[in-house]
A.B. asks: 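To start, I am sharing the structure in question, which I have written as structure tokens.
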Amino acid sequence: MSGVSTAAYFARRAAQKERVRILYRRALKDTLNWAVHRHIFYRDASDLREKFNANQDVEDIDRIDKLIAHGESEYNKWRHPDPYIVPWAPGGSKFCRNPTPPAGIEIVYNYGLEDNP
Amino acid sequence: MALRNAILRHLRVPVQTLGLNQSQIGFLGSIRSFSSHDDHLSREAVVDRVLDVVKSFPKVDPSKVTPEVHFQNDLGLDSLDTVEIVMAIEEEFKLEIPDKEADKIDSCTLAIEYVYNHPMSS
């Protein structure tokens, strides 16, 4: 391969970079889910960062694809069964708890005259 | 019975249907005083907190941080460092940013805009 730099090559590399970023983000959140205490989380997060940094200079596109697939399978293996999700987000405990009532609905109090309007 | 009705007719306060806007409330306070949805952050508070988060990042030089920095171009950070900063901002403001949106946050301006316009940032 003479390093053909076409638009398709760059598009593929950009897609791979986005996959790597999203994978790193999810893996970091997972690490925080598993390691609740901050000092353990910092240690595990730096280990994760080392794993990502070790492969950052690979240039062969197919090898990059294989590494990303391997990373995603590792992430799927280590996903936490009960992740922390912010309460109001989908999956959290407060999601859809108090939806805003539809406009135009009101209660009219008819004091004292409920029996004979 | 008729006497009761006559007295009640005297005493009855005509019921106003809704229209209770902010200026009429007076001592009652805000109409949704038990809701947590009406305390939006001011822009200066958002800017200060975002800059604090960025400055406390170990790989960042605190003197270079301004509200218009670009993480990769100006501060010389990696794309993975950007991911870490976005996660720190999420934790600071108790937000949950979807993955596609979080990928687009590349600079301080974008981060401040996103946090300021998000309805649930606190």
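Protein chains get the first letters and strands the later ones, always in sequence-line order, with residue 1 at the start of each.
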A.B. asks: Are Phe57(B) and Val47(B) in one and the same hydrophobic cluster, where Ile, Leu, Val, Met, Phe, Trp and Tyr link if side-chain heavy atoms are under 4.5 Å apart?
C.D. replies: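 Linked within one cluster.
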A.B. asks: Does a sphere of radius 6.0 Å around NZ in Lys59(B) hold more than 12 heavy atoms from other residues, nucleotides or ligands, not counting ones at 6.0 Å or beyond?
C.D. replies: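 Yes, the 6.0 Å shell around NZ holds more than 12 heavy atoms from other groups.
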A.B. asks: Under 6.0 Å from the CH2 atom of Trp78(A), do we count more than 12 heavy atoms belonging to anything else shown?
C.D. replies: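 No, the 6.0 Å shell around CH2 holds no more than 12 heavy atoms from other groups.
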A.B. asks: Counting only heavy atoms not in Arg63(A) (residues, nucleotides, ligands), do more than 12 fall under 6.0 Å from its CZ?
C.D. replies: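 Check fails, neighbour count at 12 or below.
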A.B. asks: Decide whether Met120(B) and Val50(B) are clustered together by the hydrophobic rule: side chain heavy atoms of Ile, Leu, Val, Met, Phe, Trp, Tyr closer than 4.5 Å, transitively.
C.D. replies: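 Result: yes, single cluster for both.
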A.B. asks: Heavy-atom distances under 4.5 Å only: say whether Leu28(A) touches chain B with side chain, backbone, both or neither.
C.D. replies: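 Contact with chain B involves both backbone and side-chain atoms of Leu28(A).
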A.B. asks: Heavy-atom count around Arg79(A) CZ within 6.0 Å, excluding the residue itself: above 12?
C.D. replies: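 At most 12 heavy atoms, drawn from other residues, nucleotides or ligands, come within 6.0 Å of this atom.
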A.B. asks: Within a radius of less than 6.0 Å around NE2 of His70(A), do more than 12 heavy atoms belonging to other residues, nucleotides or ligands occur?
C.D. replies: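 Atom NE2 in His70(A) is not packed in, count stays at 12 or less.
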A.B. asks: State, with a plain yes or no, whether a side-chain heavy atom of Asp78(B) is found less than 4.5 Å away from one of Arg49(A).
C.D. replies: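 Answer yes - side chains close enough.
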A.B. asks: Is there a path from Tyr42(A) to Val83(B) through hydrophobic residues (I, L, V, M, F, W, Y) whose side chains come within less than 4.5 Å of each other?
C.D. replies: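 Tyr42(A) clusters together with Val83(B).
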A.B. asks: A side-chain contact here means heavy atoms from C-beta on lying under 4.5 Å apart; do Glu91(B) and Val86(A) qualify?
C.D. replies: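 No, too far: nothing below the 4.5 Å cut-off.
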A.B. asks: What I want to find out is whether Asp99(B) reaches Lys29(A) closely enough, with some N-O distance under 4.0 Å, to be called a salt bridge.
C.D. replies: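 Lys29(A) and Asp99(B): not salt-bridged.
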A.B. asks: So which atom in Leu80(B) and which in Phe52(A) form the shortest heavy-atom distance, rounded to 0.1 Å?
C.D. replies: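 Closest heavy-atom pair between Leu80(B) and Phe52(A): CD1-CB, 3.7 Å.
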A.B. asks: Which atom names give the shortest non-hydrogen contact between Trp88(A) and Leu95(B), and what distance separates them?
C.D. replies: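 Taking every non-hydrogen atom into account, CZ2-CA, 3.8 Å.
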A.B. asks: Can you tell me which portion of Lys17(A) sits under 4.5 Å from chain B's heavy atoms? Options are side chain, backbone, both or neither.
C.D. replies: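 No part of Lys17(A) comes within 4.5 Å of chain B.
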A.B. asks: With rounding to the nearest 0.5 Å, note down the distance linking CE in Met87(B) to OH in Tyr24(A).
C.D. replies: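 Going from CE on Met87(B) over to OH on Tyr24(A), the span is 9.0 Å.
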A.B. asks: Give a yes or no on whether a salt bridge exists between Lys104(B) and Glu18(A), defined as a side-chain N under 4.0 angstrom from a carboxylate O.
C.D. replies: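 Glu18(A) and Lys104(B): not salt-bridged.
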A.B. asks: The test is salt bridge (charged side-chain N to carboxylate O under 4.0 Å, His left out); show your working for Glu84(B) and Arg25(A) and say whether it passes.
C.D. replies: CA-CA 8 Å; Glu84(B) 289 181 13; Arg25(A) 187 180 144 81; over 6 Å; no
A.B. asks: Under 4.5 Å between any side-chain heavy atoms of Thr82(B) and Arg21(A), yes or no?
C.D. replies: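 Counting from C-beta outward, Thr82(B) and Arg21(A) never come under 4.5 Å.
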